[in-house]
K.L.:
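Can you keep this structure in mind? I'll have questions shortly.
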Amino acid sequence: MFRVDGVTVSPYGPCWPGFARMREAYQDPYGRQTRGRSTVSLEKVGQAIRYCHEKGVRLNIVTSGQAETDGVLGRLEELGHVPLTTDGRAWLLQHFSFAEPDLVRRAAALGLDITTTMSFSWGKGELVRERFGDHLLPDFIPLARLLDSGLHVAAGTDWGPKNVFEHIALAVEPRYAAGGNAAATPGISRRRALAMWTSEAAHVLRWDDIGSLRPGNHADLVILDRDPLACPLDELPGTQVVTTMLGGKTVTGPDPTE
């Protein structure tokens, strides 16, 4: 039930306090011009990359701003080794908030997997508009672009909304929380969205016996009160778990085997 999957290095700085490292200057919360700053120097990031490559350790790197991702991808490319894997498990790029087409291409060429969340698009879209300008909104959590490039993308709930089914609905029809407006990024199909929290998440974790219903997999599953692929989208966030099963045994709710 527990395993160490690798190590994480996080130079990441959020955009609200003015930490996100961007190519162009923007205003921090106090109206001062900044291009952000990292909590871990690029030199130390490079040291972590080389160490994990030499020792065979899976690496997860957290990035946000364009300049930050530029530097991280540059250090990864310096290894001259693709795809970047450890024991068949792809290295990870976490958050990848500003995923411009060229950055996506470079990440895909390195064979990286991606973990991200609709929390950022939903909760920070209007902040990005205010701080960086409308021109960057199409690059802010562009799920369709990531998936169309061939990248494997796993999604989580992060800090909100807490309801995973609301996240799936937001992946299908992205919007910004502050004004309720449609996001500048296109949505994805409901099946692709559901996969990011199930089979694609299992692929990124490299846990081959979870995430889908098939012979030989762990029988850890939930039974829902509606079909998340067929119910009206506005009803999807209201999805309720009727029964939870662990290893094929019912632990909460009515037992479907009786």
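Nothing fancy with the numbering, it's 1 onward along the sequence. All heavy atoms count here, side chains included; hydrogens, waters and symmetry mates do not.
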K.L.:
Is there a donor-acceptor contact under 3.5 Å from the side chain of S64 to the main chain of S97?
P.N.:
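Looks like no, no N/O pair under 3.5 Å.
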K.L.:
Output yes when R175 and E166 qualify as a salt bridge under the 4.0 Å nitrogen-oxygen rule, no when they do not.
P.N.:
yes
K.L.:
Main chain of V251, side chain of T244: is a donor-acceptor contact present, judged purely on distance under 3.5 Å?
P.N.:
no
K.L.:
Does F19 have R37 sitting over its ring (NZ/CZ under 6.0 Å from centre, angle to axis within 45°)?
P.N.:
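Geometry flag: set, cation within 6.0 Å and 45°.
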K.L.:
Report the distance from atom CG of L93 to atom OG1 of T63, rounding to the nearest 0.5 Å.
P.N.:
4.0 Å
K.L.:
Closer than 4.0 angstrom, basic N to acidic O: yes or no for D148 and R192?
P.N.:
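Yes, charged N to carboxylate O under 4.0 Å.
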K.L.:
Around Q47, counting heavy atoms of other residues, nucleotides and ligands shown, do more than 12 lie under 6.0 Å from its CD?
P.N.:
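More than 12 within 6.0 Å, yes.
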K.L.:
Calculate, to the nearest 0.5 Å, the distance between atoms OG1 and CG belonging to T250 and D255 respectively.
P.N.:
3.5 Å
K.L.:
Got a salt bridge between D5 and R89, using NZ or NE/NH1/NH2 to carboxylate O under 4.0 Å?
P.N.:
yes
K.L.:
Is the closest basic N to carboxylate O distance between R106 and E100 below 4.0 Å?
P.N.:
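Judged by the 4.0 Å cut-off on N to carboxylate O distance, R106 and E100 do not form a salt bridge.
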K.L.:
Side chain to side chain donor-acceptor pair (under 3.5 Å) with W91: which of T85, N60, T86, D113?
P.N.:
T86
K.L.:
Can you tell me if R131 uses its side chain to pair, donor with acceptor, with the backbone of C15 under 3.5 Å?
P.N.:
yes
K.L.:
Aromatic rings Y12 and H95: how do their planes relate, parallel, tilted or perpendicular, breaks at 30° and 60°?
P.N.:
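Y12 vs H95 ring planes: perpendicular.
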K.L.:
Does the side chain of L73 come within less than 4.5 Å of L103's, by heavy atoms?
P.N.:
yes
K.L.:
For R226 and E235, indicate whether the former's side chain and the latter's backbone hold a donor-acceptor pair under 3.5 Å.
P.N.:
yes
K.L.:
Kindly compute the distance separating NE2 (H218) from CG (L246), expressed to the nearest 0.5 Å.
P.N.:
9.5 Å
K.L.:
Taking atom CG of L143 and atom CD1 of I114, what is their separation to the nearest 0.5 Å?
P.N.:
11.0 Å
K.L.:
Out of curiosity, F132 CZ to E24 CD, how far, rounded to the nearest 0.5 Å?
P.N.:
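One finds 10.5 Å between CZ of F132 and CD of E24.
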K.L.:
So does Q240 get a backbone contact from the side chain of D225, meaning a donor-acceptor N/O pair under 3.5 Å?
P.N.:
yes
K.L.:
With M22 as reference, evaluate Q66, R35, E68 under the side chain to side chain contact (heavy atoms under 4.5 Å, CB included) test and give the passing residue.
P.N.:
Q66
K.L.:
State, with a plain yes or no, whether a side-chain heavy atom of R145 is found less than 4.5 Å away from one of P101.
P.N.:
yes
K.L.:
Should we say atom CD of E43 is surrounded by more than 12 heavy atoms from elsewhere, each under 6.0 Å from it?
P.N.:
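Counting other residues, nucleotides and ligands, CD of E43 stays at 12 neighbours or fewer.
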K.L.:
Working to the nearest 0.5 Å, report the span between CZ of F98 and CG of D139.
P.N.:
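It is 8.5 Å, given to the nearest 0.5 Å.
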